[in-house]
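What follows is a short report on a single structure.
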Amino acid sequence: MSLRNILYVTSEAHPLVKTGGLADVAGSLPPAIRSLRRDIRLILPAYRSAIANAGRLQEKSRFSVHGFDTTVGILEGRLPGSRVVVWLVDSPPHFDRPGGPYADEQGRDWPDNAQRFTVFARTVEKIAWDEAGLDWRPDVVHCNDWQSGLVPALLTQRRQRPATVFTIHNLAYQGLFSWETFQTLHLPQTLWSMHAMEFYGQFSFIKGGIVFADMINTVSPNYAREITTPAFGCGLEELLKSRSDRLTGILNGADYSQWNPARDPYLKKTYNAYSIERKAENKADLQARFRLPCEPQTPLIGLIGRLVEQKGFDLLLAILPQLLQRDVQVVILGSGDKSLEDRLKHATLTYPRQVAAHIGYDEALAHRIEGGADMFLMPSRYEPCGLNQIYSLRYGTLPIVRRTGGLANTVIDANEKNIASRTATGIVFDDATPQALLDAVDRALALYRQPRLWKKVIFNAMQQDFSWRRSARQYLALYQRAQSVIKETA
Ligand code: ADP
Ligand code: GLC
């Protein structure tokens with residue numbers, strides 16, 4: 001069976017539009033697959049920001065999709081920095097507006113998200129049947145997260161179809177909508193069934209992917225196992241267990257062309273594992289940026305992320321009074337829940353010499369934190385993969401992480417045995433409690449005070465290789481499996 005044409009369906013992709021790690025993955029996995037000599041094309045909504053960041057675009061076709069009055073255009077361009085073809089789904093009433101891809105500037109979900117991602121899925125469906133006037137037919141359609149969950153469901157409506165793969169980047173975001181909303185979408189009524197996409201009285205976009213895709217994966221092996229348990233399954237664990245023969249985990253990679261301290265244009269001083277002393281200048285630069293005292297010896301802890309319950313920022317807030325009795329500084333970059341934003345701002349006012357935060361989204365600052373901090377903290381309650389700890393390894397900014405999801409697959413604890421065997425790359429702790437977090441930071445601080453050991457662990461961390469090539473090969477194998485399972489069931 002031919003495996004040449006792959007349609008990669010995503011709701012965000014760096015550098016066109018980004019809210020989190022999915023954009024990083026969608027911006028780097030397709031080029032990695034292309035370099036394995038496949039014709040992979042990216043499709044995403046033509047949000048206003050995506051059009052602005054895409055460079056030259058050309059309208060390739062325009063057509064109507066089932067259930068909607070307006071026509072949809074396909075704007076073709078290239079993913080900046082690569083040869084990968086990008087198709088933007090141009091439906092101005094749905095996508096041409098200010099604000100984010102899923103929510104307005106105040107962080108409120110767009111009220112028409114169900115319609116927006118149905119138009120998107122219907123467009124993908126047309127392309128999959130080669131009925132969109134593009135003269136291109138995918139062998140595999142690779143969907144990501146709830147925003148493209150409808151696609152595998154729609155594609156099972158015909159016999160001769162491409163294979164489908166569904167990647168779960170985060171099971172907690174499910175795309176749940178009411179019965180009334182479902183009625184406005186003009187979808188096959190058979191989808192409203194507990195064996196299809198109905199979920200406790202609501203319509204669940206993510207179930208479309210989980211129930212109907214030929215193969216399902218998550219973004220780390222550990223998370224693939226975790227989501228079949230009640231603690232992580234978000235109510236979908238039994239369904240996922242029933243599909244466990246189709247469920248695997250493939251660890252995300254890091255795009256080292258973007259995240260490499262030896263060639264990072266955002267850093268004051270570039271460095272590598274053999275010139276780690278140059279990192280000190282980035283630290284001074286970061287302290288100055290955040291108006292913290294420029295103290296070279298004081299350990300500096302960085303955090304970056306969406307300010308949501310998942311990331312465990314509240315655990316950090318809980319230990320701050322105790323933590324700050326130590327000689328330590330903390331810098332935070334993030335945006336999200338207003339209450340967390342407010343609590344962080346309050347902490348910066350209470351401890352101006354030790355805590356600083358930038359509330360907002362700032363790509364350059366994210367790089368400067370990776371380059372300037374000594375340690376990187378990720379106390380996540382759950383973490384499907386996590387990318388910042390992988391970047392931190394390469395930047396010699398030792399990650400302190402909870403043993404969950406992809407964090408457990410990527411960081412090796414600096415216990416005595418692992419230090420001796422030169423495998424240690426960070427600090428790993430078990431419980432999502434303030435005490436466990438404080439103990440972990442204390443272990444990191446103790447290690448920091450032993451410069452010889454500290455440097456040894458930094459050296460190991462910087463040698464780790466999570467480049468995309470290996471994961472891209474695993475995705476190709478997954479596509480092949482998806483093709484062979486439809487053949488068996490056809
Ligand atoms: P998630 O996808 O759950 O948000 P990941 O660790 O996989 O978590 O990816 C987060 C990505 O988003 C990283 O590239 C990180 O640097 C970036 N990021 C998150 N918040 C911000 C922010 N406020 N400013 C800049 N980059 C951010
Ligand atoms: C999600 C997860 C994160 C993962 C990212 C990319 O947003 O929260 O852990 O790294 O997707 O797969």
Side-chain angles (χ1 to χ4, degrees), residues 8 10-15 17-30 100-102 107 142-148 166-174 206 217-224 226-227 232 234 249-256 258-259 264 266 302-313 331-337 340-341 344 357-371 373 376-395 397 399 401-402 404-411 466 468 471 475:
Y8 192 88
T10 179
S11 54
E12 49 184 279
H14 180 78
V17 53
K18 167 164 165 175
T19 70
L22 170 59
D24 292 19
V25 174
S28 39
L29 173 59
Y102 322 122
H142 182 170
C143 302
N144 294 276
D145 276 355
W146 76 262
Q147 293 86 351
S148 48
F166 185 66
T167 300
I168 299 169
H169 296 262
N170 196 330
L171 191 64
Y173 298 89
Q174 304 185 348
I206 203 166
N217 80 298
T218 67
V219 287
S220 69
N222 200 31
Y223 190 62
E226 287 173 341
I227 58 174
F232 295 92
C234 304
I250 300 179
L251 200 63
N252 284 335
D255 184 344
Y256 292 125
Q258 306 271 339
W259 294 94
D264 187 330
Y266 297 116
L303 291 96
I304 304 170
R306 293 179 295 116
L307 300 177
V308 292
E309 147 124 19
Q310 172 190 351
K311 301 291 177 181
F313 283 93
V331 296
I332 302 156
L333 167 62
S335 64
D337 288 355
L340 270 175
E341 290 184 356
L344 285 174
H358 177 86
I359 303 297
Y361 187 89
D362 188 331
E363 188 82 22
L365 194 53
H367 285 251
R368 285 168 71 189
I369 292 175
E370 289 289 3
F376 192 91
L377 186 56
M378 278 178 90
S380 307
R381 293 207 149 69
Y382 71 95
E383 195 61 77
C385 178
L387 293 167
N388 275 115
Q389 84 283 8
I390 301 181
Y391 305 150
S392 300
L393 291 169
R394 183 48 63 102
Y395 281 69
T397 307
V401 303
R402 240 200 99 211
T404 185
L407 300 175
N409 287 132
T410 48
V411 181
F466 290 98
W468 267 109
S471 309
Y475 274 102

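Side chains are part of it too, since the values below use all heavy atoms of this structure and drop only hydrogens, waters and symmetry mates. Just so you know, ligand 1 is whichever comes first in the structure, and atom 1 is the first atom listed for that ligand.
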With rounding to the nearest 0.5 Å, note down the distance linking [atom1] in [X] to [atom2] in [Y].
X: Phe466; Y: Asn409; atom1: CZ; atom2: CG; answer: 8.5 Å
X: Arg381; Y: Phe313; atom1: CZ; atom2: CZ; answer: 12.0 Å
X: Gln258; Y: Glu363; atom1: CD; atom2: CD; answer: 7.5 Å

Identity and distance of the protein heavy atom lying nearest [atom]:
atom: atom 27 (C) of ligand 1; value: Tyr361 CE1, 3.4 Å
atom: atom 8 (O) of ligand 2; value: Gln310 NE2, 3.1 Å
atom: atom 8 (O) of ligand 1; value: Lys311 NZ, 3.1 Å
atom: atom 4 (O) of ligand 1; value: Arg306 NE, 2.7 Å
atom: atom 10 (C) of ligand 1; value: Gly21 N, 3.6 Å
atom: atom 6 (O) of ligand 1; value: Leu387 N, 2.9 Å
atom: atom 2 (C) of ligand 2; value: His169 O, 3.2 Å
atom: atom 24 (N) of ligand 1; value: Asp362 N, 3.0 Å
atom: atom 19 (C) of ligand 1; value: Gly305 CA, 3.9 Å
atom: atom 9 (O) of ligand 2; value: Glu383 OE2, 2.5 Å
atom: atom 14 (O) of ligand 1; value: Asp24 OD2, 2.7 Å

Does an N or O anywhere in Asn170 fall below 3.5 Å from an N or O of ligand 1?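 There is no such contact.
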
Using non-hydrogen atoms of the residue, decide whether [X] is closer than 4.0 angstrom to ligand 1.
X: Cys385; result: no
X: Glu370; result: no
X: Gly360; result: yes
X: Lys18; result: yes

Under 3.5 Å, side chain of Ser220 to main-chain N/O of Cys385, donor-acceptor pair present?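 Such a contact is absent between Ser220 side chain and Cys385 backbone.
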
Donor-acceptor pair, distance only, cut-off 3.5 Å: does the side chain of Thr404 make one with the backbone of Arg402?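 Answer holds: no.
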
Do you know which two heavy atoms are closest between [X] and [Y], and how far apart they sit?
X: Pro101; Y: Ser11; value: CB-O, 4.4 Å
X: Asp337; Y: Glu309; value: OD2-N, 4.3 Å
X: Pro379; Y: Leu303; value: CD-CD2, 4.4 Å
X: Ala172; Y: Cys234; value: CA-SG, 3.8 Å
X: Val219; Y: Thr167; value: CG1-CG2, 3.9 Å

Answer side chain, backbone, both or neither: which part of [X] comes under 4.0 Å from ligand 1, heavy atoms only.
X: Ile304; answer: side chain
X: Asn388; answer: both
X: His169; answer: neither

Mind checking whether Val25 contacts ligand 2 via backbone (N, CA, C, O), side chain (CB onward), both or neither, at a 4.0 Å heavy-atom cut-off?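 Near ligand 2, Val25 shows its side chain, while the N, CA, C and O stay back.
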
Is ligand 2 under 4.0 Å from a heavy atom in the side chain of Asn252, in the backbone, in both, or in neither?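 Side chain only.
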
Quick one: sort the [X] and [Y] rings into parallel, tilted or perpendicular, breaks at 30° and 60°.
X: Tyr475; Y: Trp468; value: tilted
X: Tyr266; Y: His367; value: tilted
X: Trp259; Y: Tyr391; value: parallel

Taking only heavy atoms of [X] into account, list the atoms of ligand 2 that are under 4.0 Å away from them.
X: Asn170; value: 8 (O)
X: Gly21; value: 5 (C), 6 (C)
X: Pro384; value: 2 (C), 8 (O), 9 (O)
X: Val219; value: 12 (O)
X: Gly386; value: 3 (C), 4 (C), 9 (O), 10 (O)

Out of Asp145, Thr218, Asn144, which residue meets the side-chain hydrogen bond (donor to acceptor under 3.5 Å, both in side chains) rule with His169?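 For His169, the side-chain hydrogen bond (donor to acceptor under 3.5 Å, both in side chains) test succeeds with only one of Asp145, Thr218, Asn144, which is Asn144.
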
Would you kindly say whether Tyr102 and Glu12 are connected by a side-chain donor-acceptor distance under 3.5 Å?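 Looking only at side-chain atoms, Glu12 and Tyr102 do form a donor-acceptor pair, the distance falling under 3.5 Å.
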
Can Glu370 and Ser392 be counted as having a side-chain donor-acceptor contact under 3.5 angstrom?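 Checked: Glu370/Ser392 side chains pair up, N/O donor to acceptor below 3.5 Å.
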
Check each atom of ligand 1 against the heavy atoms of Tyr391 and keep those under 4.0 Å away; list them by number with element.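 Reading through ligand 1 atom by atom, the close ones are 14 (O).
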
